[in-house]
Amino acid sequence: MLTKMKKLFTRNKASSNVEAPQHGNIKLEKEIDLRDLTFPSMMENLTNDGITFEKDHFEIQTGLGDVKFGRSFFIKPSGYPRTVRIGWLEGLFTGDDMDVSVHIEPLDRNSAIKKLQKKIDEFETVVHSAANRNEGAKIEDAMQKRDDAKYLQRQIKNNQNGLYYVSIQGTVFASNLNDLNAKSREIERILGGESIEIINSYGRQKEGFLSCLPLGKNHLEKTDRNLDQNALTAIFPHASSKLNHIGGFPIGRFGSEYVYYNNFDASLSNYSMGIFGVSGSGKSVLVKQIIGRGFMDGIMKNVIIDCEPEYIALTKALGGIVIPIYPSKSKTASRINPMDIFPEREIINPGEENEYTVERINLNFKVIELLEFFTVMKESLSPDSRGLTPIEIGVLSDLLEDLYTKRGITEDPESIYLNEEDIDLNGKITYRRRKIDMPTISETYERLVKLRDDGDYELKELCTIVHLFTKNKAFGLFDGQTEIISDSGVSLDDAPVVTFDISKLSPNGIERPLAQHVLMTWVWNRFIGSNPKVKKRVIIDEAWMMIKYKTMMEWLKTLSARGRKWNVSLTLVSQRYEMFDRTEAARDVVAQFATVCFLQQSDQDIQPILDTYRLSEDVGNMIRTANKGDVIMKAGKQIVSFRSEPTPEEWNYLNTNQNIEMGTGPGKKSSREAQIQFLNMAVDIKAIEGEGVA
Ligand SMILES: Nc1ncnc2c1ncn2[C@@H]1O[C@H](COP(=O)(O)OP(=O)(O)O)[C@@H](O)[C@H]1O
Ligand SMILES: [Mg+2]
């Protein structure tokens, strides 16, 4: 019964070729050691103390006094299920103390096509002879197989598929023979559930054991069968053991496993997400993958506020719209009117039988939102960033409300539309439904000026500031009716990605953060509040630019908190985490994100991150030394690390970064930027003096 004891691997003998020093005679001179320095190789790490192979199992000496039992087996070539699903071999990969090898050998295209042709011919013959003998069931079976083979052959011809010889083998270990038998039966049972048949490598335990070592060699002959590419890819474990989210999309790879992340998982208290890392650490590449892969998880709408611009290629590749925002006197530039109002839809009893949607115009909220906007205007242009005074708030809120109600706007969603008459050449009248013209900043300004001239002197400073935001003035780009001009054929509602390109706006001073704020608010009204059901994502890259403005941060916090109700993930991307930590409003925004991703961080950012998210020093070290694309993610209470790894197809639209560094540096300011900075200063000074600028 017993086969001979064998030492499978012996230590590297190379050194023994060197002549050993002669110990017989005592030498006075120091010996020259001729041995090379050696480090354990993989083979040496695999070295064991000895193995005894039986016919149907083996005993392995794992330490001087320990023995383990092992059994090698393989999947019968005829024991594969007819069709496979993703993860069909999960049972093999999740068992404990078990090694599994999948040996794959591709067939080159021509021989695959030839071999398939041979099979097709064989099946034809079977069909033919079965037809002669009137064997109905056999005809059908052979025809099915013939058609399958033809289909596969055509796919391979078109380079859409491939054929592989595959052998799947395993070795299971236990501490005694009884346990080994029990474990073997359990594996058989689990795989049986997937219609997979396994068989003992009887009499070939040694070959089986060797094939399961990471040596890349299959010693077990006649254990392979052919699989096409689809079946093959379905072998590998796709479910992550790391994040236990239901559904989701692969966000990166950890070792050989994909980490599946569901931004809308029930375990997350909100859907907001923060992505932080130093410039060039791979934040934008990561968020672009999140956008591209989110579609497989039903995230059908993405709105991006792009400062660089670096999202244009992605937007176009995914069939979206790019809307450039910049001050222009021509009629070809797009414009967003922050005073637009849209109906808000809310789902009552979501997910329940009596679910229904209510639609209404929330005028109160709009007025609050606009008060924030006027606060931002004032904060950004007054010295010491003063907000609105109580009198200004009072006057403005009455005035703003009146601008809407005098147009007949009420809670009723229909109240923002009017029917327009069209009379054609024959005098025939048709009606067209059109949105009514919305209030504008100019209109607000005129009202304010009138009140001021009527003796409300307290409004002097506000008038001065608002004037700068009217058409053709320094920050007049948001004054007027909304106008979307885009060369893309898709509508705003249908576009899977809508990108606002604000790269032409000056990064210094108020222009860019103001645009970020106005767009965020508008986007929220236009796409989020009006469409609560669909999963959505709003991306704001280079978000640190807004930190200076407390109101903007408070606004972001409100949006992020409201996000769950509207099925939207506010996705904030930024470098310089520590800047968020410095002000309370900004700290609050990022601290409440249920998901945060950290790429490489600079030293000063690490401690605040560890403190805010209660992460260990180890995590700190990981993000300090992370390479491009290395990510630590905290999703709810779970922490995973992964590598963001774009596919070659994704790289086509990912790597278009023009790598514009933060700021422009001294001496590089364009004349336009310089002009705006100057204006900011001028307003500051004039505001102190209480004089009008214009
Ligand atoms: N996961 C990654 N794998 C390989 N290279 C990457 C990865 N992420 C980023 N890079 C490279 O680094 C560059 C900068 O990445 P980017 O995402 O633009 O950085 P950030 O937005 O953090 O400044 C990219 O253009 C790309 O070439
Ligand atoms: Mg970036």
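What's counted below: heavy atoms across the whole structure, side chains too, no hydrogens, waters or symmetry copies. Just so you know, ligand 1 is whichever comes first in the structure, and atom 1 is the first atom listed for that ligand.
- Residue-to-ligand polar distances keep Gly629 apart from ligand 1: every N/O pair is separated by 3.5 Å or more.
- By the criterion of a heavy-atom distance under 4.0 Å, the side chain of Trp651, and not its backbone, is placed next to ligand 1.
- Ring orientation note: the planes of Phe527 and Trp522 are nearly perpendicular, at an angle over 60° on the 30°/60° scale.
- The distance criterion of under 3.5 Å between nitrogen or oxygen atoms is not met by Glu310 with respect to ligand 1.
- In terms of N/O distances under 3.5 Å, ligand 1 is not approached by Glu645.
- The shortest N or O to N or O distance between Gly282 and ligand 1 is under 3.5 Å.
- Close approach to Arg643 involves these atoms of ligand 1, each under 4.0 Å from a residue heavy atom: 3 (N).
- Closest heavy-atom approach to atom 13 (C) of ligand 1 within the set Gln575, Lys283, Lys628: this belongs to Lys628.
- Contact atoms of ligand 1 toward Ser279: 23 (O) (distance under 4.0 Å to a heavy atom of the residue).
- Nearest residue to atom 2 (C) of ligand 1 from Ser644, Ser284, Gly252, Ser574 is Ser644 (criterion: closest heavy atom).
- Note: no N/O pair closer than 3.5 Å links Pro646 and ligand 1 by distance alone.
- Tyr311 places a side-chain heavy atom less than 4.5 Å from the side chain of Asp541.
- Residue Gln575 does not count as close to the Mg ion (ligand 2), with no N, O or S atom under 2.8 Å.
- For the residue pair Asp265 / Ser267, a side-chain donor-acceptor distance below 3.5 Å is found, with atom types taken as modelled.
- Between Asp306 and Thr499, the side chains place no donor N or O within less than 3.5 Å of an acceptor N or O (distance only, hydrogens not considered).
- The closest side-chain donor-acceptor pair between Asp588 and Gln592, if any, does not fall under 3.5 angstrom.
- Side chain to side chain, Asp501 and Ser503 meet the donor-acceptor criterion of an N or O pair below 3.5 Å.
- Taking the six-membered ring for Trp and thresholds of 30 and 60 degrees, Tyr271 and Phe264 have ring planes inclined between 30 and 60 degrees apart.
- Using cut-offs of 30° and 60° on the angle between ring planes, the pair Tyr577 and Phe580 is tilted.
- Taking a cut-off of under 4.0 Å to the non-hydrogen atoms of Val278, the atoms of ligand 1 that pass are 22 (O).
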